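From a predicted model like this one, the values you see are computed outputs, not experimental measurements. Both backbone and side-chain heavy atoms feed into the values below; hydrogens, waters and symmetry mates do not. Numbering of ligands and ligand atoms starts at 1, following listing order.
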Amino acid sequence: MRKTTPTIKEIRVYRMPLPAKTLYNMSSSAVLTPESTIVALIDSDGVIGYGESCMATPQAQEANNDSIRSSLSILSPSVIGINPMELDLINSTMENSLKGETEAKAAIDIACWDLIGKRLGKSVAELLGGNITDEVITYHVVGITSPENAEKEAERLQVEGISRIQLKAGGRAIENDIEAIKAVSGVLKGGTVLDVDTNRGWTEDEAIQVSNACLEVSMSMEQPCASEEELYRLKPKIFHPLIVDESATDMNTISKMVSASIADGFGLKITRIGGLTPMKAVRDFCIETQTPMSSDDAWGGDIIGAAGVALGTTVPSSLNRGAWLANTYHQVHYDPVNGPRIENGIIKLPKGGPGLGLVIDEEIFGKPDQVHN
Ligand code: 0XW
Ligand code: MG
């Protein structure tokens, strides 16, 4: 454990292409080659913390990977010289230097958590209050495809031990979605959970149609429509649990959706919320209100994956909708030994050391896109 009071001395920003190796398509777009943004945050004692933020496609949310990096060119200089262990000061300083842009702020925030763990010799899960287990359940995405292929993929995944399937829908004739849902639900083994996620892809009428057509299907509907207003209008008209993902942007929105009994659960993305600091508060709220939540992100590599797993291991299993890894689709590891991976439907906490548990060779990221000191 280091006794000196550190300050942030340098921030290096890298871009890291993570091309989808297998088809991954959502209602708005298919994932091609997202460029992840990696933040290396170095303190006055030379300790390095890593953060990451990566959007899957420009159409799937308001942020995009170029805007993340341009925001970091403003945010990084604002925190140079500040003690990285003073997380609230780091976040308020970022808020005062740039409004919004939570996906960029998250990369710096996560890097601070990793660095603090390394300075204290503790895992991020310990810093988050302590992990309940050393592993977290995961869910696997079946992209938008024909009912036959969706059925085959759902069967294959269950053989591999996956017990939570997220079937993508939307962006096509509603009959095809209904057929794919029924095909997948027909092959679900007992205990396998089905979530149908349209990433904002249906109209209210379409969502009502699907819920009526799939009355006998045990499933949840994730972000069926684009806006909060639509979700508020839709909730009393559907028969299936409503999971809020893209509209779960901040604690205020989240708490209102719980008190109004709109959200039966959340698909939470650490970068959309703004990093592990705000996400910890949202997690505590979900535990307090017994609201199921996932702990995942849009895309990215081992760093954001490890952050999601760290947080996921602190969520009671009764409320845990799982963590998620994009590396199943891009197969890139920044830490080939300790990087998080799925085995038999679960992801183990990386154990490569304190912080996020990763051993990162920065060379893998090539030349930095930005250096701030
Ligand atoms: C499955 N995810 C966590 C990753 C994809 O980018 C979309 C997201 C979701 O649930 O919407
Ligand atoms: Mg979702």
Atom name of the N, O or S atom of D197 nearest to the Mg ion (ligand 2) is OD2

Geometric class of the Y334/F365 ring pair [parallel <30°, tilted 30-60°, perpendicular >60°]:
perpendicular

query = Is it true that some N/O/S atom of E222, main chain or side chain, lies under 2.8 Å from the Mg ion (ligand 2)?
reply = yes

| said: Heavy-atom count check: over 12 atoms from other residues, nucleotides or ligands less than 6.0 Å from K99 NZ? | reply: yes

Looking at D245, the N/O/S atom that lies nearest to the Mg ion (ligand 2) is called OD2

Item to check | Sidechain-backbone polar pair: D43 side chain, I48 backbone, donor-acceptor under 3.5 Å | outcome: no

Check: If Ile, Leu, Val, Met, Phe, Trp and Tyr residues are connected whenever their side-chain heavy atoms lie under 4.5 Å apart, and connections chain through other members, are V371 and I80 in the same group?
Finding: no

With sequence neighbours left out, the residues meeting side chain to side chain donor-acceptor pair (under 3.5 Å) with W299 are none

Check: every ligand 1 N/O to protein N/O pair under 3.5 Å:
{"unit_1": "ligand 1", "atom_1": "6 (O)", "unit_2": "A298", "atom_2": "O", "d": "2.6"}
{"unit_1": "ligand 1", "atom_1": "10 (O)", "unit_2": "Q166", "atom_2": "OE1", "d": "3.4"}
{"unit_1": "ligand 1", "atom_1": "10 (O)", "unit_2": "Q166", "atom_2": "NE2", "d": "3.3"}
{"unit_1": "ligand 1", "atom_1": "10 (O)", "unit_2": "D197", "atom_2": "OD2", "d": "3.1"}
{"unit_1": "ligand 1", "atom_1": "10 (O)", "unit_2": "E222", "atom_2": "OE2", "d": "3.2"}
{"unit_1": "ligand 1", "atom_1": "10 (O)", "unit_2": "D245", "atom_2": "OD2", "d": "3.2"}
{"unit_1": "ligand 1", "atom_1": "11 (O)", "unit_2": "K168", "atom_2": "NZ", "d": "3.4"}
{"unit_1": "ligand 1", "atom_1": "11 (O)", "unit_2": "D197", "atom_2": "OD2", "d": "2.9"}
{"unit_1": "ligand 1", "atom_1": "11 (O)", "unit_2": "N199", "atom_2": "ND2", "d": "2.8"}
{"unit_1": "ligand 1", "atom_1": "11 (O)", "unit_2": "D245", "atom_2": "OD2", "d": "3.0"}
{"unit_1": "ligand 1", "atom_1": "11 (O)", "unit_2": "K269", "atom_2": "NZ", "d": "3.3"}

Is it the case that over 12 heavy atoms from other parts of the model lie below 6.0 angstrom from the CG atom of D88? no

Pair K182 + E179, salt bridge at N-O below 4.0 Å
no

